[in-house]
Structures are given as structure tokens and as C-alpha cells.
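As C-alpha cells, the structure follows; a few thoughts come after it.
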Amino acid sequence: MSSLEPTNLLGLGPEQLVELVAQWGGKPFRARQLQRWIHQRQQDDFGQMTDLAREFREQLTANCVVTAPSMSHEHISSDGTRKWLFDVGSNNAVEAVFIPEDDRGTLCISSQAGCTVACPFCSTGYQGFNRNLTTSEIIGQLWFARRALLNAPETARIGDAEQTSTRVISNVVMMGMGEPLLNYDQVLGALRLMLDDNAYGLSRRRVTVSTSGVVPMMDRLAKDCPVALAVSLHAPNDALRDRLVPLNKKYPLAELLDACNRYLEHAPRDFITFEYIMLDGINDTDQHAQELLDIARIVRCKFNLIPFNPFPQSGLKRSSAARVKQFAQRLMDGGVVTTVRKTRGDDIAAACGQLAGDIRDRTRIEQRLPDRAVIQIKQERA
């Protein structure tokens, strides 16, 4: 094998590793050993992979690397939430967040540098879209986080038991920067590694893809790699959703709900999670709650209400705690499971909707978006 650039093994799936090893006369079991060293032990030094033949290790050292995105900054919240900023080159950065809880450890990872969807309540949208991440950059966030947590001074815990490396991160959600289904092929490769027993071995029920509603890719995911699905709904009718989630203009609610029902035919869970950010005076009235109950009669679902995390450019406000509670109660009285997401990591700008990173906005979306969306919403409120 000859190449100007060494091959980064981090993003290669099992079939690709088998092909690579075969070039040197190796058998498939060698590829599985290599995969376990990389993803289960987070080893990036081929010399330390002691059950591989010396000649094989020398070939790997000469031709390959295991390289995750470079971590620029780490922030640790008072509630234990950790946020990492990764440099992905060309003045682009992405963020990942680890959220420890009593019964789980959840890692939220990014799929794009920036985002094309441009929802006015999400700070990532204000930086515009810069580029898609590669599979190695996506899975690299999980690889790095797992390694960092295992080496952290404090013991990672879930409940009362000390955890092994397989349980430090028990859940992965693709709810970070970007729209995962607009980077489908690279995200698919990362998802398959998350589920692979020789890599991270996560359950399909514990891996969640969040989408703003890219209908064709929802259908593909249902066939290729069905995992838990969360849909960023945020509005119960087309008129409002067109402004809060601009992608709705291309894939309106009726098409989205049909796609949700098709997905449920393959999904590991028997419901879709609808994420709903609570915006004061915009989407939090009793009428909006009733419209959500109408949607729940079409799609088996649960609602996850998300208190809005303000940032200066949005001009939007969080619904009051009392309004959120009343809204949730109305949905529950209508027979639909409803949760209110805890606000975690907001002191380090790691809460939902706050991920943006310290990067340049090439598309000037911050200048364009208020005229197109936020001011329109404010006028409607008035």
C-alpha cells in the first residue's frame, strides 16, 4: 500500500478494515482485533496493540494513523456537564457535550460545522453552514470523550456502581451542531460503528438521531440503520413551523408525519420523540398544545419540551416555568407522555440550542436571518 497521506483508521467500518488488512495478507479476524483496539480501548499507538503480530504493527505504523479531531477547549459545568470544542481545520470548530445523570451518561455529538437549516432559536444556525464532518470526525468525538472520561480524576459513575469503559457513555444523541440527515453517508458510517459489537456495542434504542425533518433521508435511515428518532417539531402547524424551522417549507407537516409513521415500522422504539422548544408567546399557548394533541392522534409519540436557552442574537424569550408546566400538563391530560428537558450546562453554553463554537460566519447568516425570520416572528407576536 502506498499513499501520500496515511489512512485514518478511526472512520473505517469493519468491511473497510478487512479490505485494508487483506492487502497485507491478513485474515478478517485481524481486522476485528484492530477495531477493538481502536474503539474499545481507544488506543492510537499501534506499538501498544500487543496481540497483533509485530510485522502487522509495523505496516500499520508506516501507513496508518488513528486521529480524532483536535480538542481546543474543555469546559466543565457546575452540574458536571462537560463541553469540548474540537478544531476541524480551516477555522472551523464543532462541539460535543457529555451529560452525566444517575442512570446514564449521554454524549451529544455534532455532524456538521455549522448548519443549513437556520432555525432562529438555535445559535448554531447563526454561524451558517461551513462543511460536513467526515465519519472519522463524527465518531472521533465519541472516541475522544470516552478516552477523556476514563482518564478523568473522578470516577465515572452511573447510579451507585463504578462503571467500566463500556458504560461511561451509555447513550449517544446526534443533537449537536448540524442536521445529521443532510450529511447522511458520513453519519451512517458513524452510526454503524456505534452499534458494532467490535466497536462501541451500543443498543439501537440508546442511539438517537435528531432531525428537523429531512423526509427522504428519514426513509433511507429506516431501511439502512434504524435507531431511535427524535424530530425537532417546535411548531404544531405549517404557518408557524415555516418560520421556526425553515426546512418545513420543503417538507411540510403532513409529509413529515407520514414519514414518521413509515419510520415506526422499522424503529427500535414504538414512538417518535417530538422535540418542542418553548418560546414565550410564540408557540406556547393552549391552542398550540391542542394542535400537538391532534398530531399525537396521527403519530405514536411522546413530547419533550425544551426550555429555550437565550442567546443575544435571537431576540427570543423563554416561556415561564409556570407556562411550561401548564403546557406539559395539558398534553399529559390529553394522554400523551410528556417530559420537560432539564437545563444542563447552561453556565458553559452547553445547553440545547447554544452550541456554536468560536468560529467565523462565512455566510453572514447573522446579518440575513433576523430580516427573514426573527423580525417576522416578533411582528406576529405584536
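Keep in mind the model is a prediction, meaning the values are calculated, not measured. Numbers for residues simply follow the sequence, beginning at 1.
- For F98, there are no ring-ring contact (aromatic ring centres under 6.0 Å, His included) partners, not counting sequence neighbours.
- Side-chain contact check for Q35 and R32: no donor-acceptor pair (N or O, by modelled atom type) lies under 3.5 Å.
- Residues N132 and L182 come closest through the heavy atom pair OD1-O, 3.8 Å.
- A pairwise comparison of heavy atoms in S110 and M177 identifies OG-N, 2.9 Å as the closest pair.
- Cluster membership for I295 and V245, using ILVMFWY side-chain heavy atoms within less than 4.5 angstrom, is shared.
- Rounded to the nearest 0.5 Å, atoms OG1 (T339) and CG (N304) are 3.5 Å apart.
- Looking at C225 and L195, their side chains come closer than 4.5 Å, going by heavy atoms from C-beta outward.
- Side-chain contact check for I277 versus L244: every heavy-atom pair is 4.5 Å or farther apart.
- A donor-acceptor pair under 3.5 Å links the side-chain atoms of Q16 to the main chain of G13, judged by distance alone.
- For R241 (side chain) and L233 (main-chain N/O), a donor-acceptor pair under 3.5 Å exists by modelled atom type.
- Applying the salt bridge (Lys or Arg N to Asp or Glu O under 4.0 Å) rule to pairs touching residues 186-199 yields nothing, sequence neighbours excluded.
- Note: L253 CG to C260 SG = 9.5 Å, rounded to the nearest 0.5 Å.
- Between I298 and N261, the closest side-chain pair of non-hydrogen atoms falls below 4.5 Å.
- For the pair I138/I109, a side-chain contact is recorded, criterion being any heavy-atom separation below 4.5 Å from C-beta on.
- Across Y276 and P236, no two heavy atoms sit closer than the pair OH-CD, 3.5 Å.
- Of the possible donor and acceptor atoms, one in the side chain of T211 sits under 3.5 Å from a partner among the backbone N and O of G213.
- Under the side chain to side chain contact (heavy atoms under 4.5 Å, CB included) criterion, E74 pairs with M71, I76, R82, W84, sequence neighbours left out.
- Listed for the N8 side chain is a donor-acceptor partner under 3.5 Å among the backbone atoms of T67.
- In this structure, the side chain to side chain contact (heavy atoms under 4.5 Å, CB included) partners of Q48, at least two apart in sequence or on a different chain, are Q43, D45.
- A side-chain donor-acceptor contact under 3.5 Å links Q326 and R323.
- Of all non-hydrogen atoms in A68 and G140, the two that sit nearest each other are CB-O, 3.8 Å.
- Between N183 and the options D185, L181, V187, a side chain to side chain contact (heavy atoms under 4.5 Å, CB included) holds for only V187.
- Under the 4.5 Å side-chain contact rule for hydrophobic residues, L293 and M278 share a cluster.
- For the pair L292/F274, no side-chain contact is recorded, criterion being any heavy-atom separation below 4.5 Å from C-beta on.
- Here the side chains of D44 and W143 are in contact, with some heavy-atom distance below 4.5 Å.
- Closest approach of F86 to A96, counting heavy atoms only: CE1-CB, 3.8 Å.
- Of the possible polar contacts, one joining the R147 side chain to the Q42 backbone as a donor-acceptor pair under 3.5 Å is found.
- Between F121 and H234, the ring-plane angle classifies as perpendicular under the 30° and 60° cut-offs.
- The backbone N or O of N92 sits nowhere less than 3.5 Å from a side-chain atom of S90 that would complete a donor-acceptor pair.
- V299 and M218 fall within the same hydrophobic cluster, defined by Ile, Leu, Val, Met, Phe, Trp and Tyr side-chain heavy atoms under 4.5 Å apart, directly or through other members.
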Side chain to side chain contact (heavy atoms under 4.5 Å, CB included) between L12 and T7, intermediate numbers included: CA-CA 9 Å; L12 299 190; T7 300; 4.0 Å; yes
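- By the 4.5 Å heavy-atom criterion applied to side chains, Q329 and D333 are counted as neighbours.
- Partners of F46 by side chain to side chain contact (heavy atoms under 4.5 Å, CB included), not counting sequence neighbours, listed by chain and number: L9, L34, M49, L60, T61, C64, V66.
- Not one N or O on the side chain of N151 forms a donor-acceptor pair closer than 3.5 Å with the backbone of A148.
- Judged by distance alone, with hydrogens and angles left aside, the side-chain atoms of S210 form no donor-acceptor pair with the main-chain N or O of M175 at under 3.5 Å.
- Going from atom CG of D286 over to atom CZ of R330 covers 4.0 Å, rounded to the nearest 0.5 Å.
- The closest donor-acceptor contact from the side chain of R205 to the backbone of P268 lies under 3.5 Å.
- If you check the side chains of E275 and S232, you find a donor sitting under 3.5 Å from an acceptor.
- No side-chain heavy atom of E137 sits under 4.5 Å from any side-chain heavy atom of Q141.
- Residues satisfying the side chain to side chain contact (heavy atoms under 4.5 Å, CB included) criterion with R262, sequence neighbours excluded, are V215, D219, D258, A259.
- Residues V65 and L193 fall into different hydrophobic clusters, defined by Ile, Leu, Val, Met, Phe, Trp and Tyr side chains chained together at heavy-atom separations under 4.5 Å.
- Residue A93 comes nearest to V88 through the heavy atom pair N-CG2, 4.0 Å, listed as atom of the first residue, atom of the second, then distance.
- Rounding to the nearest 0.5 Å gives a distance of 5.0 Å between CZ of F308 and CG of L316.
- Transitive grouping of hydrophobic side chains (ILVMFWY, heavy atoms separated by less than 4.5 Å) keeps I306 and M332 in distinct clusters.
- Checking side-chain atoms of Q186 against main-chain N and O of L133 turns up no donor-acceptor pair under 3.5 Å.
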